[in-house]
K.L.:
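I have a structure I would like to understand better, so I am pasting it below and will then ask my questions one at a time.
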Protein chains: 2
Amino acid sequence: MSAPALYDPYRVCPSRQLLDRIGDRWTVLIIGTLEDGPLRFSQISRLIDGISQKMLTQTLRSLEADGLVVRTVYPEVPPHVEYELSALGRTLLEPLEILRAWAVDHMDEVATARAAALG
Amino acid sequence: MSAPALYDPYRVCPSRQLLDRIGDRWTVLIIGTLEDGPLRFSQISRLIDGISQKMLTQTLRSLEADGLVVRTVYPEVPPHVEYELSALGRTLLEPLEILRAWAVDHMDEVATARAAALG
DNA sequence: CAGGATCCTGGCGGATACTG
DNA sequence: CAGTATCCGCCAGGATCCTG
């Protein structure tokens, strides 16, 4: 790193970081499950069919590091860990809902266009 | 494909497709450049510093196939091709702006949390 | 000018096995 | 229960060269 990068996408606009955050395959799904309250690791795992435990752990850790999710460990045997949205994380729910609404309203048009593009 | 996939993320919720669409590194940036009107290939290329010509072509083709962008070829020499947002594409601007607003308002908190997570 | 075709690499993410 | 550790396939995406 002799010189600063001429092009650092993370400095172009702050929304780039957000898009990286929510663009991955699991983040939004996990946030969705936590919308109604705290859940345990195994509960999230069961709610999101198809997620590997590696990716669940990894994404939860990342969400925690970003301050979007709070992780609470109850010192019991067997272990009991709960995850819940932080105040910051909850502020993200509304933008995501708006995005979801757009998808519900327009993704059939996208699907139609895509199908037409093939024919 | 002897049996249908038990877990097809594309059927879980329509917003998954949208997130795949806008989650990649270039889609939103390209849509952003087209917000104020049609542009030529080389103009977009110059506005988005760091994009390879392969990814620009590929993403534009994909946006066109999804009906979000309209591609117009003017039969001239040298070639003249313009890209602009479709009506459908323009409806996506508002949700994206809301997301961008969230990023502007809160990404510093995320950055702070992330920094604290390291120490 | 606006791409098409190729080669190549990093790292996302799945599978599996093991642990306190 | 809630993870950690390891191996590995796949492909998004960059670099490069070529063309109508």
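A note on names: the letters A, B, ... follow the listed sequences, proteins ahead of strands, and every chain is numbered from 1. Quick note: numbers below take in every heavy atom, side chains included, and nothing from hydrogens, waters or symmetry partners.
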K.L.:
Please identify which of these residues, B:Thr27, B:Leu29, B:Val28, B:Thr33, meets the side chain to side chain contact (heavy atoms under 4.5 Å, CB included) condition with B:Ile31.
P.N.:
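Per the side chain to side chain contact (heavy atoms under 4.5 Å, CB included) rule, the option paired with B:Ile31 is B:Thr27, out of B:Thr27, B:Leu29, B:Val28, B:Thr33.
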K.L.:
In whole Å, what is the span from the CG atom of B:Asp24 to the C1' atom of D:dG13?
P.N.:
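To the nearest whole Å, that distance equals 10 Å.
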K.L.:
For C:dA2, take OP1 and OP2 only and decide whether either is under 4.0 Å from a side-chain N or O of B:Ser42.
P.N.:
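Affirmative; the distance criterion is met.
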K.L.:
Taking only nitrogen or oxygen atoms into account, show me every contact under 3.5 Å that the protein makes with nucleotides 14-20 of chain C, one pair per line with its distance.
P.N.:
| residue | atom | partner | partner atom | Å |
| --- | --- | --- | --- | --- |
| C:dG14 | OP2 | A:Ser52 | OG | 3.3 |
| C:dG14 | O6 | A:Lys54 | NZ | 2.3 |
| C:dA17 | N6 | A:Gln53 | NE2 | 3.0 |

K.L.:
With rounding to the nearest 0.5 Å, note down the distance linking CD1 in B:Ile44 to CD in B:Gln53.
P.N.:
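These two atoms lie 13.0 Å from each other.
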K.L.:
When you check the phosphate oxygens OP1 and OP2 of C:dA2, does a side-chain N or O of B:Arg71 lie under 4.0 Å from one of them?
P.N.:
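No, B:Arg71 has no side-chain N/O under 4.0 Å of OP1/OP2 on C:dA2.
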K.L.:
If I take atom OH in residue B:Tyr74 and atom P in nucleotide C:dA2, what distance separates them, rounded to the nearest angstrom?
P.N.:
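The distance from OH of B:Tyr74 to P of C:dA2 comes to 12 Å, rounded to the nearest Å.
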K.L.:
About how many Å separate CG of A:Leu92 and CZ of A:Arg21, when rounded to the nearest 0.5 Å?
P.N.:
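Atom-to-atom, A:Arg21:CZ and A:Leu92:CG are 9.5 Å apart.
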K.L.:
Has the side chain of A:Gln43 got a donor or acceptor atom that lies under 3.5 Å from a matching backbone atom of A:Arg40?
P.N.:
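The answer is yes, because a donor-acceptor pair under 3.5 Å joins these two groups.
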K.L.:
In this structure, how many angstroms lie between the P atom of D:dA12 and the CG atom of B:Leu56, rounded?
P.N.:
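So the CG-P distance, B:Leu56 to D:dA12, works out to 17 Å.
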K.L.:
Output the rounded distance in Å from CG (B:Leu39) to C1' (C:dC1).
P.N.:
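In whole Å, C:dC1 C1' and B:Leu39 CG are 15 Å from each other.
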K.L.:
Taking only side-chain nitrogens and oxygens of B:Tyr83, does any of them come within less than 4.0 Å of OP1 or OP2 of C:dG3?
P.N.:
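So the side-chain polar atoms of B:Tyr83 do come within 4.0 Å of the phosphate oxygens OP1 or OP2 of C:dG3, strictly under.
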K.L.:
In whole angstrom, give the distance that lies between atom CZ of B:Arg61 and atom C1' of C:dG3.
P.N.:
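In whole Å, C:dG3 C1' lies 7 Å from B:Arg61 CZ.
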K.L.:
What's the CD-P distance between A:Glu82 and D:dG3, to the nearest Å?
P.N.:
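In whole Å, D:dG3 P and A:Glu82 CD are 12 Å from each other.
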K.L.:
C:dC1 C1' sits how many Å from B:Leu60 CG, rounded?
P.N.:
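Atom CG in B:Leu60 sits about 14 Å away from atom C1' in C:dC1.
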K.L.:
Tell me whether the side-chain N/O atoms of B:Arg40 come closer than 4.0 Å to OP1 or OP2 in C:dC1.
P.N.:
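It does not, given that no N or O in the side chain of B:Arg40 lies less than 4.0 Å from OP1 or OP2 of C:dC1.
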K.L.:
If you draw a 6.0 Å radius around CD in B:Glu94, do more than 12 non-hydrogen atoms from other residues or ligands fall strictly inside?
P.N.:
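It does not: B:Glu94 CD has 12 such atoms or fewer within range.
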K.L.:
Nearest whole Å is fine: how far is C:dG13 C1' from A:Ile48 CD1?
P.N.:
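Value for this atom pair: 15 Å.
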K.L.:
By nearest nucleotide on DNA chain C, pick out whichever of A:Gly23 and B:Pro78 is the more 5' one.
P.N.:
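With A:Gly23 and B:Pro78 compared, the 5'-side residue is B:Pro78.
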K.L.:
Does a side chain donor of either B:Thr57 or B:Arg61 reach within less than 3.5 Å of an acceptor in the other side chain?
P.N.:
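Side-chain D/A pair, B:Thr57 to B:Arg61: absent.
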K.L.:
Side chains of B:Thr59 and B:Leu63, heavy atoms from C-beta outward: is any pair under 4.5 Å?
P.N.:
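Yes, side chains in contact.
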